[in-house]
Amino acid sequence: MKLSKSFVPTLKEVPTDAVIPSHILMLRAGMVRMLSAGIYSFLPLGYKVIKRISDIIREEMDAIGGQEFHLPALNPIEIWEQTNRVEAFGDTMFHIKNRDYVLAPTHEEIMTYHAKGVLKSYKELPQIWYQIQTKFRNEPRPRSGVIRGRQFLMKDAYSFDTSFENLDKSYELHDKAYRAIFDRCGINYFVVGASSGAMGGSKSEEFMVKSDAGEDTVAFCESCKYAANVEVATSVVNSVARIDDSKELFEVSTPNIKSIDELCGFLNINENQTAKSRIYIHDEKPVLVLMSGNDEVNETKLESVLGGNVRPGHPEELKDITGADAGSIGPIGFKHRIIADLRLKDGNNLYSGANKNDFHIGGIDMKRDVPNVEYFDLRTIQSGETCTKCGEKLEVFKAIELGHIFKLGTKYSEGLGANFLDENGKENPIVMGSYGIGVERVLACYLEQNHDDNGIVWDKSLAPFQIHLMGLNMKKDSVVEASEKLYKDLQAEGYEVLFDDRSTVQAGFKFNEADLLGMPVHIIVGDKKLAENKVEIKIRKTGERMDVSLDELSSKLKELLA
RNA sequence: CGGGGCGUAGCGUAGUCCGGUUAGCGCGCCUGCUUUGGGAGCAGGAGGUCGCAGGUUCGAAUCCUGCCGCCCCGACCA
């Protein structure tokens, strides 16, 4: 592709709306342009990379027996009503105004619809069906460029099996395929066991990339590769020590003391001598949750302990329930259910709120004074805590979810009546799995991980072009002649070449733009070296440069781009 | 949906508090000449409903009201 005739609108300056590196680079390298919040047009260079990623996905999906579909984005709303997902998605689903259609946010229903009545016999299973298409979700807040958009490209696959045992096999196939895909894309990722949530599946794994732009928070152990969403992550934590001499309860005046830090400062005590109280509402009834010191309540853990949704009590409610405002609430005299984090188990000589504003109570003995308390793991773990698997330090950080594989079970086959006949002629719902990859996210994550101050650093697997050929002074006939010939020859050898043949820009401009666009190998044709029958090669990733004679160029490139 | 910020030429911005020339600057773009190995120089030029709609005023980018859009934090995230 000749740059003089191409639409690659690069930017020298950073657009103000872009914050994270991948977004900035996609805009600066002329790969995408925004149409509206969370809605992006892919320009030729960006779309070329999207096609590379899609091709890798396609190859690996086909390798496990996947069959590619092309499905409608416009769906009759009735199908979605059969699985109650119009309600489940709520405002996240786009609705068409002048006909009863919705824009598909995913395709479980549609794939199952096609399986229904067609996959009738156990002899026809298993099947793996997939598609790589645009999905639509009315995200309340699109962000981070292409990472969270209102429309986005997704590869989603669905497996159809006769049993949960066979589903395990399909699941394993996808697990392998996903690792192959992300490896080939050059992504540095890790796999997190996730809770399967409301989808009713038994197992689920997320493929994640560490990034401050991520929306998930995960705990990761570098040493043993333990990884878990912080919502469910555990760590080795010592419980507060029990002291031999258990004091009596006593009340202390603590004017204007609200936080644990203030309390510790005021009384000159340690954080682990305190028990923080949080009031949650569950089933319309208050529950007092006691945490040690500044430990944060993990609401996901709390919900799984209590069963069902919880919400923090409103400030107005707190006074009604406890007689005090937040900051002075405690277990002594509290009339409703009390649960506490495991760290507090059987602790004594603790300080907590007195359920009276500006007072705290000391000398609390959990065994003696809070006899009905129940203990659970309720804390949100923190970076630096000890891994329960190997004893090394855990790291907690933000991550982007690139892919998700999970075992759906029969929710959709039952909802839509997709059944098959087994060996005994008995009708059973098809057992399904669901497997997604955010295609643009692969691109964004790659860029997050592969750039330097000058721009993108493409690996040959995703690079839009393998070679960036530059004719430095295109007003000199020798340079024009030599670079044009190279352009043709290299293409004839099977390389994809971006040729900066512009006569209007200077050498320095071409170098900087080449660094921004980031093709793996740059070939620089200048008149001085050409006089010696040589050109210069630059490796983008290392910055290494070498002079190569035209005779040896072909073999050198084979070596570099093998 | 809550909190914060922003909206002036393709991009980046000054001017807005305190209303008053023809809305300024850098990059980019067009023409010409020069230059040609790390984002060139000189000269000339094009390009603006100052987000939109009302209002106040002799006069509004600037003040007031409403709306729209974008970014960040939070809520949300099958």
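Protein chains get the first letters and strands the later ones, always in sequence-line order, with residue 1 at the start of each.
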Pick base, sugar-phosphate or nothing for [X], based on heavy-atom distances below 4.0 Å to the nucleic acid.
X: A:Ala37; result: sugar-phosphate
X: A:Val505; result: nothing
X: A:Ser434; result: nothing
X: A:Asn512; result: base
X: A:Lys538; result: base
X: A:Thr83; result: nothing
X: A:Asp216; result: nothing
X: A:Pro140; result: base
X: A:Glu536; result: base
X: A:Met474; result: nothing
X: A:Glu401; result: nothing
X: A:Lys529; result: base
X: A:Lys476; result: nothing

Between B:C6 and B:C77 - C1' atom distance, rounded Å: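 These two C1' atoms come out 26 Å apart once rounded.
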Gap in Å between the two C1' atoms, one belonging to B:G48 and one to B:U22, rounded: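 Those two atoms are separated by 13 Å.
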B:C71 OP1/OP2 closer than 4.0 Å to side-chain N/O of A:Thr16: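 The answer is no; no side-chain N or O of A:Thr16 sits under 4.0 Å from OP1 or OP2.
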B:C76 OP1/OP2 closer than 4.0 Å to side-chain N/O of A:Thr92: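 The answer is no; no side-chain N or O of A:Thr92 sits under 4.0 Å from OP1 or OP2.
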Spacing of A:Arg141 atom CZ relative to B:G69 atom P, expressed in whole Å: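 Atom CZ in A:Arg141 sits about 16 Å away from atom P in B:G69.
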salt_bridge(A:Glu544, A:Lys538) N-O dist < 4.0 Å: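 Here A:Glu544 does not pair with A:Lys538 in a salt bridge, since their nearest N and O are not under 4.0 Å apart.
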Salt bridge A:Glu484-A:Lys2, side-chain N to carboxylate O under 4.0 Å: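 A:Lys2 and A:Glu484: salt-bridged.
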A:Phe89 and A:Trp80 aromatic ring geometry - parallel, tilted or perpendicular at 30°/60° bounds: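 Rings of A:Trp80 and A:Phe89: perpendicular, over 60°.
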Parallel, tilted or perpendicular: rings of A:Phe69 and A:His114 (30°, 60°):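 Tilted, since the angle between the ring planes falls between 30° and 60°.
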Ring pair (Phe, Tyr, Trp, His ring centres under 6.0 Å) assessment of A:Phe465 paired with A:Trp458: CA-CA 9 Å; A:Phe465 298 89; A:Trp458 287 117; over 10 Å; no
No-H, no-angle donor-acceptor pair, [X] side chain to [N] base, under 3.5 Å:
X: A:Arg28; N: B:G28; value: no
X: A:Lys528; N: B:U36; value: no
X: A:Arg143; N: B:C71; value: no
X: A:Gln506; N: B:G39; value: no

Donor-acceptor contact present, side-chain A:Ser277 to main-chain A:Ile329, <3.5 Å: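 The answer is yes, because a donor-acceptor pair under 3.5 Å joins these two groups.
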Watson-Crick or G-U counterpart of B:C52, or none if no pair lies under 3.5 Å: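 Base partner found: B:G66.
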